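Index from 1, following the sequence. Note that the structure is predicted; figures quoted are calculated from it, not measured. Below, each value reflects all heavy atoms present in this structure, side chains not excepted, and no hydrogens, waters or symmetry copies.
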Amino acid sequence: MHCRLDELLADRGMTLTDLADRVGVTVVNLSVLKNDRARAVRFSTLTAICDVLGCDVGDLFTVR
């Protein structure tokens, strides 16, 4: 699995800090996700990220 968070943030002109503030998680946790090091992610966190970015989970992750 590959997380496309960097691309989605760039497309929307947002920083990781902006997203962390809006989602209510730490920058460190989002960084772990962004760098493909996350072993798990809560559905509530995924939903919040997708709501803020205006995307679907399928836009956030790709399978390599």
Is Val32 linked to Leu46 within one hydrophobic cluster, defined over Ile, Leu, Val, Met, Phe, Trp and Tyr using a side-chain heavy-atom separation of less than 4.5 Å? no
* To do: Answer whether the closest heavy-atom distance between the side chains of Leu9 and Leu53 falls below 4.5 Å.
  => yes
- prompt: Heavy-atom distance under 4.5 Å between the side chains of Leu33 and Val25, does that happen here?
  reply: no
Taking side chain as C-beta onward, heavy atoms only, is Cys3 less than 4.5 Å from Leu60? yes
Tightest non-hydrogen contact, residues Leu30 and Ile49, listed as CD2-CD1, 3.7 Å
Which of Met1, Glu7, His2 passes side-chain contact (heavy atoms from CB on, under 4.5 Å) with Thr62? It is His2
- Is Arg37 atom CZ crowded by more than 12 heavy atoms from other residues, nucleotides or ligands, each under 6.0 Å away? yes
Fill in: Whether Asp18 side chain and Thr15 backbone form a donor-acceptor pair below 3.5 Å
yes
Between the CG atom in Asp56 and the CZ atom in Phe61, the distance rounded to the nearest 0.5 Å is 12.5 Å
When rounded to the nearest 0.5 Å, the distance separating CG of Asn35 from CG of Leu5 is 9.5 Å
Output for pair (Lys34 NZ, Leu8 CG), nearest 0.5 Å, gives 12.5 Å
inquiry  = Do Leu19 and Arg12 have side chains that approach each other closer than 4.5 Å (heavy atoms only, starting at C-beta)?
reply    = no
Correct closest heavy-atom pair for Cys50 and Val57 would be SG-N, 3.6 Å
